[in-house]
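Indexing begins at 1, ligand by ligand and atom by atom, following the structure's order.
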Amino acid sequence: MTTANLPDTPAEFIVLHSRNSSLVLEAHADEAPIWRYWGPRLPDGASPGVPLRDTRPLPSFNLDFDQPLTLVPTFGVGWFGQSALLAHRAGRDFAQAVTRCEVEWLAPARAVVLHLTDAVAALRLDVTLRLDEASDVLVASTRLTNLGDDALDVQWLAAATLPLPGQCDTVRSYAGQHVHEFLLQTDRLSRSLWRRESRRGRTSHDCFPGAVVTTPGATDDAGLVYGAHLAWSGNHQQTIEWLHDGQYQWQLGEWLAPGEGRLAPGASLQTPEVVATLSSAGLNGLAANFHAELRARLDWPGGAMRPRPVHLNTWEGFYFDVHPEPVKALATAAAAVGVERFVLDDGWFHGRHHDRAALGDWWPDETKFPVGLGDLITHVNDLGMEFGLWVEPEMINPDSDLYRAHPDWALQLEGRPLITARNQLVLDIARPEAADYLFDKIDALLSAHPIRYLKWDHNRDLTTAGLASGLPGYRAQVHAVYALMARLRAAHPEVEIESCSGGGGRIDFAVLRHTHRVWTSDCIDALSRVDIQRGFLQFFPPEIMGAHVGTAPAHTTGRTQSMAFRCAVALPGHLGVELDARHLSDADTRELRGWIQLYKDLRERLHGGRVWQGETADGVVWQAHGDAADELLLLAYRVRPSTHRYTPALRLPMLDATARYHVQEIAQPAGPEGVWYHTAIPHFVELRREGRACDGAWLAQAGLPLPRELAETAYIVRLRRV
Ligand code: DGJ
């Protein structure tokens with residue numbers, strides 16, 4: 001028996017730098033590295049100088065040694081905070097402690113693996129940290145290996161444990177539901193534990209796996225803020241906990257169902273990645289970092305993103321009632337307004353006439369498409385559009401040929417009732433024969449036809465997700481869907497995939513390694529979308545944000561907005577149309593065509609650059625896209641009627657104070673409906689006609705005058721540096 005004492009092994013400081021951030025760990029040979037710093041960039045060569053324990057007197061009635069926060073804080077070292085690992089071997093080896101630390105550099109000052117062994121509990125943790133120079137994004141993950149002779153049961157393994165400085169005071173996370181994703185929830189940090197969990201078996205609408213933590217005074221554009229996201233499409237958990245040295249620890253990881261983390265001798269458990277970053281330039285600075293990381297992950301056909309084609313999606317136009325002639329007529333109408341990709345949504349496959357049957361039977365319905373899909377696809381292609389197809393591979397209806405042939409292929413628990421949602425069950429695609437079946441069916445469609453796009457849906461939560469063995473199948477299911485997507489993409493590299501899950505139930509950095517667009521929400525009401533898109537853009541860039549012009553009144557809210565407002569709100573995303581374009585009035589058709597053309601003119605500027613967002617006290621929500629050193633597009637949405645007699649000017653803090661900008665209003669296709677009070681005011685007339693040069697400093701500090709608009713209108717302006 002040995003007693004714990006102050007370690008006398010020498011300290012090695014592990015320092016990672018990026019352009020605007022640094023992290024410092026203090027490594028000793030016989031324990032997990034101690035977190036010393038994660039914050040704004042330190043100068044090269046800056047060092048804590050002394051080991052942490054040499055700087056902290058022990059408090060009264062404490063353990064007889066000092067146990068600071070480490071990269072992997074574990075129960076067995078005398079750590080009273082949340083442990084990064086909860087595991088045991090039939091009740092034994094329950095208190096882990098790292099006994100050996102080896103440092104392996106992958107890239108100097110950029111990427112490192114910490115190999116941490118617990119010789120007593122017989123396990124190893126390999127923690128990989130990569131800090132990207134350009135984006136300031138830290139990608140961290142952990143691999144746990146069972147070195148013992150018996151199985152190890154893992155209840156919790158943090159993908160990463162991050163330190164947050166004590167001045168952090170607020171956490172912004174995202175709640176939600178079907179038809180309202182990214183519902184901002186703001187909580188004060190305190191000595192109480194802050195925790196969000198999702199056990200729905202997918203990324204979820206209800207609990208986005210990530211958050212933003214702010215320090216006092218932080219705004220959209222200034223102040224120190226931290227963000228982290230778990231790149232994972234299954235169950236998850238995150239915790240922020242106050243510690244007795246005044247800082248916080250933030251753990252993110254996969255929520256494991258009981259039994260799901262059982263590791264046989266020699267087996268490993270690899271966590272998902274945590275994508276974390278910080279910025280001294282407020283929420284917009286943080287968003288830029290996340291956008292850069294996500295853009296680096298996207299795997300585009302041909303290696304690079306092409307201008308995002310305008311979609312038409314048939315769902316809200318037809319629902320399940322898709323028949324060749326009306327669909328062809330819709331395609332013709334879509335092409336006439338400028339649509340470039342036509343997506344046939346649900347309802348096309350064998351026996352699918354409503355949401356009660358057919359999932360699993362992935363071949364064209366013989367009554368609706370007696371000659372298959374080829375004729376329709378040729379029609380769409382002849383109109384100059386690509387063809388896309390909706391599928392929901394991971395699901396099965398009890399009323400389907402597939403279920404009748406293989407009832408055992410559904411995730412289920414023997415002796416328990418099958419719990420349906422939207423009348424469907426979840427297919428156990430970790431079964432090779434089920435994955436092969438899906439691959440063969442989808443591959444046959446993609447091989448037979450020039451289908452360039454799949455809208456890949458997933459419309460229910462996982463409940464009693466038992467594998468054939470009776471073990472839980474949540475994480476196996478997530479890995480299996482990634483594998484199936486990767487296999488299909490390898491066989492059909494020209495095909496893009498959209499991640500949809502009843503709208504935005506599967507939006508995360510992991511599924512986006514295999515996909516290229518997300519269906520942000522089933523809610524296309526433009527007012528609701530302003531809110532949803534604002535949360536979305538905190539983490540994800542606009543070019544992957546499926547944003548459609550819906551019908552009025554909106555199907556999911558009953559609210560009506562003008563065509564101009566619906567188009568203006570969809571404009572900055574990946575634009576699409578989701579209405580029956582056959583029956584638009586001539587005026588609406590002209591206006592929609594005009595907006596689509598405007599999108600085509602602006603998309604290169606809207607996509608790929610930075611995005612700044614903000615909100616005024618007077619009901620204007622705005623976003624600016626582009627490059628402040630060159631050209632920006634400003635979209636200001638008046639979401640509420642003004643409560644001011646004079647509309648306050650809009651400050652644009654991202655502008656270069658030493659530069660001048662040529663400012664010009666972008667004319668909206670048919671002009672917004674309603675009265676435009678500003679039309680006779682000289683400044684607005686000039687901005688609309690030829691534009692004028694303005695001081696960057698003035699616009700940044702005093703602001704751009706805003707017109708006195710009606711509610712639910714947009715004002716779009718181009719600012720070009722002169
Ligand atoms: C849910 C999606 O979010 C919708 O866009 C549509 O594809 C339906 N599923 C089809 O069932």
Worksheet item: Is the shortest distance from a Lys or Arg side-chain nitrogen in R506 or D457 to a carboxylate oxygen in the other one below 4.0 Å?
Response: no
Worksheet item: Cut-off 3.5 Å, side chains only: do N397 and D399 have a donor facing an acceptor?
Response: no
Discussion item. Test: ring-ring contact (aromatic ring centres under 6.0 Å, His included). Region: residues 477-507. Which pairs qualify, not counting sequence neighbours?
Written reply: W232-H479, Y482-H514
Worksheet, complete the sentence: Which of R295, H574, R603 passes side-chain contact (heavy atoms from CB on, under 4.5 Å) with E543? It is R295
Fill in: Residue shell around ligand 1, heavy atom under 4.0 angstrom
W315, D345, D346, W390, R422, K455, D457, N459, C500, G502, G503, W519, D522
Worksheet item: Can you list the residues that meet the ring-ring contact (aromatic ring centres under 6.0 Å, His included) rule with H205, with sequence neighbours excluded?
Response: H178
Discussion item. Tell me every residue that passes side-chain hydrogen bond (donor to acceptor under 3.5 Å, both in side chains) with R452, counting only those two or more places apart in sequence or in another chain.
Written reply: none
